[in-house]
Amino acid sequence: MLLMYFQMAKELDGILDSSEAEPARSCTITNEDGSTYTSYLEKIITPIYQTMAAEASNNNNGKAAHSAWRNYDDFNEYFWSRSCFHLGWPPTEGSKFLRKPAKRKRTGKTNFVEHRTFLHLYRSFHRLWVFLLLMFQCLTIIGFHHGKIDIDTIKILLSAGPAFFILNFIECCLDVILMFGAYKTARGFAISRLVIRFLWLTAVSTFVTYLYLKVLDEKNARNSDSTYFRIYVLVLGGYAAVRLVFALMAKIPACHRLSNFSDRSQFFQFFKWIYQERYYIGRGLYESIGDYTRYVVFWLVILACKFTFAYFLQIRPLVDPTNVILTLRNLHYSWHDLVSSGNKNALTILSLWAPVLAIYLMDIHIWYTLLSALVGGVMGARARLGEIRTIEMLHKRFESFPEAFAKNLSPLRYLLPLPRIDSESTKTHASIFSPFWNEIIKSLREEDYIGNSIMTKFSFREMDLLMMPSNCGNLRLVQWPLFLLTSKIMLANDYASDCKDSQYELWYRISRDEYMAYAVKECYYSTERILHSLVDGEGQRWVERLFRDLNESITQNSLLVTINLKKLQLVQSRLTGLTGLLIRDETPDRAAGVTKALRELYEVVTHEFLAPNLREQFDTWQLLLRARNEGRLFSKIFWPKDLEMKEQVKRLHLLLTVKDSAANIPKNLEAQRRLQFFANSLFMDMPAAKPVSEMIPFSVFTPYYSETVLYSMSELCVENEDGISILFYLQKIYPDEWTNFLERIGRGESSLDDFKDSPSDTLELRFWVSYRGQTLARTVRGMMYYRRALMLQSYLEKRYLGGIEDGYSAAEYIDTEGYERHPDARAQADLKFTYVVSCQIYGQQKQRKAPEAADIALLMQRNEALRVAFIHEDDVSSGKEYYSKLVKADVHGKDQEIYSIKLPGNPKLGEGKPENQNHAIIFTRGDAIQTIDMNQDNYLEEAMKMRNLLEEFRSKHGIRPPTILGVREHVFTGSVSSLASFMSNQETSFVTLGQRVLAYLKVRMHYGHPDVFDRIFHITRGGISKASRVINISEDIYAGFNSTLRQGSITHHEYIQVGKGRDVGLNQIALFEGKVAGGNGEQVLSRDVYRLGQLFDFFRMLTFFFTTVGYYVCTMMTVLTVYVFLYGRLYLALSGLDYEISRQFRFLGNTALDAALNAQFLVQIGIFTAVPMIMGFILERGLLKAIFSFITMQLQFCSVFFTFSLGTRTHYFGRTILHGGAKYHATGRGFVVRHIKFAENYRLYSRSHFVKALEVALLLIIYIAYGYTKGGASSFILLTISSWFLVVSWLFAPYIFNPSGFEWQKTVEDFDDWTNWLLYKGGVGVKGENSWESWWDEEQAHIQTLRGRILETILSLRFLIFQYGIVYKLKITSHNTSLAVYGFSWIILLVLVLLFKLFTATPKKSTALPTFVRFLQGLLALGMIAGIALLIALTEFTIADLFASALAFVATGWCVLCLAITWKGLVKAVGLWDSVREIARMYDAGMGALIFVPIVFFSWFPFVSTFQSRFLFNQAFSRGLEISLILAGNKANQEA
């Protein structure tokens, strides 16, 4: 759009030069009456919008091919070429650019066409595939030459030359073909480059191939002439040298200056242009030499491991079997051979090598996973992650927290002069740290993670133990939180009582526990200060002299001579009695009690505790003697009044009285985790924090559509079919938090009815539940912590700077009471922070008075800094007008409009969420913007580090400053169930270790939230969210692509984290993974992935591929390996070749197959997915906990879950590339405790898992029936165990992980629901969840195009091999291999179809006809049974043949059914569609029955259901979840 800015600037310049100001002519509109007005929106923006809207409407709701309409990228890239200057100013309405699509006349795509084909994978990453294929070729050649490298081997190895050029020629052909649809609008230079490259590669591949054939002729002739060989080597060497030079100049950082210098020469420009096309974007995709060396070495290690493994364990073991098979002749085939004769058993060799090649192409991802886990672990250790991972470590390291906090998080270290004495420096650091620590503890209390009630066992309050004194008083030591010091005085007393050594030895024993030493010192100094402040006159003189004498004794190391340590317990008891009175409010009785307590303390200290010589001095002290005799001693008491003294008395009392250790304080696991991470992060490298007034201003941005804002009371109380409500569920999961909540609102054990009496408590209850779900309320609360943290920081900075000058006392200027109401702090925070929630349909929700609108308004009332943006629709005479509005809550709680911007039309032209972000981003402020999803959370302690994170924008990370700051996430939904735990661990591994390595390798993208964007960089370079329909369904990652292509830099930082919710039920997880896999399928087609694949250097491209779309390609290859292996074995088994080959020669290929299948199996069950996870466990939890966590996951069937997820990703990724149909799946994000119906699971997983699993099972059954393995059953099991595991996982995982999945009553209800759904007729308006027929029609919707139908047809034909092979294996054929046998089997199949049609006929027109039809059906059934019996009795046909025939016909029937669905129009035209539907219903009924029977069997045994509940909710059990009561529907707890 730079053209527009250029034209506007030019026009503005003309206006400024004129003598009289006038409106811009380009934006002037003339009305019918001759009047004029100016509108940039209508004149400039609206025409472009209308064209875009017309193109978007042409996409058929996302079902049309991408090549059929122009998307946002096409419009944007139009301005990259000079043709945009022909557009005119203002844009000419009849221009080609603004042409709206018509039937035969439309403007083509710009620069790129997103054709739906797998070929994009080769085109975008051809360098990877060329490299892998050439290496496979070379390794295979070396293997067939038995590892000998001589001149003959080298000549064969040089065949890589023609292969290289041919593979590049294929890529060039794809460039030519896949540009179809953009030639009319493409730049001339781009088309010229395509033509030149095509002609060049055609010529050079032909020439090099010819030369190499001549080299082979020379080799075979065995003469001394090697002319062609020398020419060939010279040609290849010269070409390689030229390619190397251009690669260095284009990709190597150190040569980039030379590359820029060479651009002055048109000769070099031309060849560089041929080598790599120049785009408007993507220039300068290079990194510093250090970063480049880093990721090159990383990949060299991976490639070395990969090719070593491939050569010794995959290729070499297959060499001898291949050579043997090539020499075999006259093999006997069990069937009628059509293709294998005369081709040296090519299909046999293919079946042997195909699974090995499949694993060879994907196992590089395995090596990447292993090395990245190792590198990520080392990086995490270097970054000091996991140093504080237990509450014990938190206690031990607490002493060092203030200094680390002051160093990293507080700019006050620059503003305050630190004392030179270490102890005073520590006290200063503690005074800086304490107010922040206390606010963190308060926030934990507000969130109900800790309580403040008196604990019955310990007689103390958790809040009291965690709070830290201000350390600004006159006490001469640092005062630590009491949870570090509890029980230390009692232990010190025990040491003193048992002491028989010197004072030095006693203090040495005490000082070994540094917190015990602190406790003793604090107790001593506090006692002195408190006693001194309580009394006056003679009493004060006694206190002064007593402690003077004690201090002198300590100084002279004679304390044990001065006092009697045996009486220390007695002194403590008297002192405890005194403090016990002082912690309460003053009354006359208590004042008298204090006087009495002081006199008792005086008596004990003077007459029992002190040595005789000191006792005599005090007894003969006339001043004291006279006061005692007159009754004046301690008669006047000065009760503690100021806050500091009260806290000191309270602390002393707790120090003296708390006898139990506080080693588990805080008790709540989430509170422990948060404090541990915060403490750990203080020691990690981060930029120093700037004062709030100098920090980078930023905004937080959250898109919202219609998700839950705040749970209503009806939602809390409604019970599911087991009688379980959300509230009851949460009470059992979080019992301690529920207790703390009741305590906070001033209630004891309350029932739900009690809350109805108090609207305020009801509202608090709704918030309490909502804060434990994935709701907008939780996200808003978390993000508003940024404002709270900034107010606190600003307030304290001002108080520190102006405290002493303004006359504040030390205690006053550290006090944070009321900081949230301080006007300066609030103003400063609002200047630096803005929070915008983009609630797209908030206006519509208000109009229909939806509860979500009221809840959003409530959030604005409770959070004055919250801003809500939404799309407002106005009905006018000409149609509808759309406005983008920003509102806040006014003083009366009503919506107050801040901005209103008229839009050219409905902004929703794409997926919705991107437009929701794009329309509202204009309302954000500041230099940075953090994108937050509405299932996220934040914490006050993490918000305090935001200043540090923003400073990363001012630092260098390589050769350019960062444009996106990656932030660590904590998944807070992991404790709900085992499934939630798997998902949490997997996600945590990706967002920590995974992204840590990606940033290290310089290919981290934007994978979602909560990254922080350089706002100015991105809003001037395409925004943060692409919005084209379908292609940009995973809109998040395109922001990373966009930033990288425009020379941005993306980093990752782990000293700060935010919370994130994840899906917790299997169906939720499957829908989410389906959306992500579909999104990656669309990315394969995108121009962004193509350009990054082309423009990255080779090693950076490898990382990019295997961590984005390549991950899903490798996932799909893992599943395809099973198919390739089993179909290869099926071919060998049914053709009889496996037996023939084994009979003639010992089969030697199992070593390679074992290596390939073992690698596939380990990927399949998630072992390599778990490796980074385990490394993360080791790093952040410790080795033993990591081992325990891994074993626990295995016992909870995590391998079943990972295998099932493999199928989910494969299905949606493959279907998206084949047919499209990627879409956003609403997963719900709710609490999943309900039982999922069998029919619901069947609908969701039938085509993605069940059909494929049954196909694999059929392959295995045929293989075990007809295959030959030399080792017998054990060899068969070893070869197929991974496949059987896959079958069981894909068929039964939805029911294994289904709550109450094996409860008998639920099983009975599921069967009734299943049969009703299966038999219910569909119709107009009937949804798929209610009728099988409607669901079946919906399942076919993805087949839209002719290309898709052809591909489906080709894939469906594979099922015909079953019938073709099995019929020749039947004993009744007597080894007859005539083709007529196969033809006769089709006649039998046709007869069976006709019989099925007769059996399912249900005439309704006559009452007499049905009786006759039933009679005929019965007669036919009896006839069929009799015929089969006679066939078995009179011929060689056996019962085994009967079952084999059934399997063959089932496979063929499925093939015919798939073809009929694919060519639905033709089938309907010939009137067979109803029959096809009935056959499909029968197949689904049969598949459902096969799955349902084992479920029924296990449901008979009650212990199975108990066991399932145990492993499914094991994590919740560890936190006190009584899941057995929940699943049993026990309501007794609620009634109680």
Side-chain angles (χ1 to χ4, degrees), residues 401-419 424-446 466-473 478-481 643-644 647 678-679 681-682 686-698 784-833 865 938-951 1056:
F401 294 170
E403 182 179 359
F405 181 91
K407 174 186 175 184
N408 289 323
L409 267 66
S410 176
L412 296 173
R413 65 195 182 283
Y414 301 126
L415 307 175
L416 295 178
L418 291 179
E424 294 184 7
S425 175
T426 303
K427 187 175 176 63
T428 303
H429 290 147
S431 70
I432 295 173
F433 174 65
S434 62
F436 293 97
W437 172 263
N438 291 339
E439 285 302 313
I440 293 170
I441 300 304
K442 289 176 184 176
S443 74
L444 290 173
R445 178 64 195 96
E446 292 164 6
L466 288 167
M467 296 293 279
M468 184 174 181
S470 65
N471 283 288
C472 290
V478 178
Q479 292 179 284
W480 300 109
L643 184 63
E644 184 184 356
E647 284 298 318
F678 173 70
S681 68
L682 296 178
M686 65 180 80
K690 292 288 181 68
V692 174
S693 58
E694 299 176 21
M695 69 174 284
I696 296 175
F698 73 105
M784 293 310 293
Y785 277 137
Y786 283 128
R787 184 170 185 263
R788 180 172 169 181
L790 290 175
M791 285 192 294
L792 176 64
Q793 290 164 338
S794 176
Y795 178 82
L796 288 175
E797 285 168 13
K798 183 173 179 62
R799 300 281 281 191
Y800 270 117
L801 289 173
I804 298 174
E805 290 85 346
D806 293 346
Y808 295 115
S809 69
E812 285 176 335
Y813 77 71
I814 202 62
D815 180 30
T816 59
E817 189 68 31
Y819 74 91
E820 292 175 303
R821 297 185 298 274
H822 194 274
D824 290 346
R826 289 156 61 95
Q828 191 69 259
D830 290 337
L831 282 173
K832 298 297 181 179
F833 169 72
N938 199 15
Y939 319 111
L940 178 62
E941 65 273 16
E942 300 306 314
M944 293 176 181
K945 293 177 277 190
M946 192 62 180
R947 292 188 296 180
N948 304 76
L949 181 67
L950 293 171
E951 287 303 309
I1056 184 172

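What you find for S693 and K832 is that their closest heavy atoms are O-NZ, 3.3 Å. M686 and N948 get closest at one heavy-atom pair: SD-ND2, 3.5 Å. When all heavy atoms are compared, the tightest approach of F401 to L682 is O-CD1, 4.0 Å. A pairwise comparison of heavy atoms in S434 and S470 identifies OG-O, 3.3 Å as the closest pair. Closest of all the heavy-atom pairs between S794 and A825 is OG-CA, 3.9 Å.
Between the E797 side chain and the V692 main chain, a donor and an acceptor come within less than 3.5 Å of each other. No donor-acceptor distance shorter than 3.5 angstrom exists from the side chain of E820 to the backbone of M791, with no hydrogens or angles considered.
Among residues two or more places apart in sequence or in another chain, the side-chain contact (heavy atoms from CB on, under 4.5 Å) test is passed with E403 by H429. Taking the side-chain hydrogen bond (donor to acceptor under 3.5 Å, both in side chains) definition, one finds that S681 meets it with K945, sequence neighbours left out. Remark: E951 engages K690, R954 in a salt bridge (Lys or Arg N to Asp or Glu O under 4.0 Å) (not counting sequence neighbours). The ring-ring contact (aromatic ring centres under 6.0 Å, His included) test applied to Y939 returns no partner, not counting sequence neighbours. Taking the side-chain hydrogen bond (donor to acceptor under 3.5 Å, both in side chains) definition, one finds that K442 meets it with E439, sequence neighbours left out. The salt bridge (Lys or Arg N to Asp or Glu O under 4.0 Å) test applied to R787 returns D830, E864, not counting sequence neighbours.
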- Task: Go through I441 and M468 one step at a time and tell me if the side chain to side chain contact (heavy atoms under 4.5 Å, CB included) criterion holds.
- Result: CA-CA 9 Å; I441 300 304; M468 184 174 181; over 6 Å; no

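Within the 4.5 Å cutoff, no side-chain heavy atoms of F678 are placed close to those of L940. Within the 4.5 Å cutoff, side-chain heavy atoms of L790 are placed close to those of M695. Residues F436 and P402 fail the side-chain proximity criterion, which asks for heavy atoms closer than 4.5 Å. Residues L466 and R445 fail the side-chain proximity criterion, which asks for heavy atoms closer than 4.5 Å. Two residues are said to be in side-chain contact when any heavy atoms from C-beta on lie closer than 4.5 Å; E941 and Y785 fail this criterion.
Put simply, CD1 on I1056 and CG on N938 are 7.0 Å apart, with the number rounded to the nearest 0.5 Å. With rounding to the nearest 0.5 angstrom, the CE atom of M944 is 11.0 Å from the OG atom of S410. Atoms CD1 and CD, from I440 and E942 in turn, are 8.5 Å apart once rounded to the nearest 0.5 Å.
Under the 30°/60° scheme for interplanar angles, the aromatic rings of Y786 and F833 are found to be tilted.
Defined by atom type and a distance below 3.5 Å, a donor-acceptor pair is present between the side-chain atoms of R788 and Y819.
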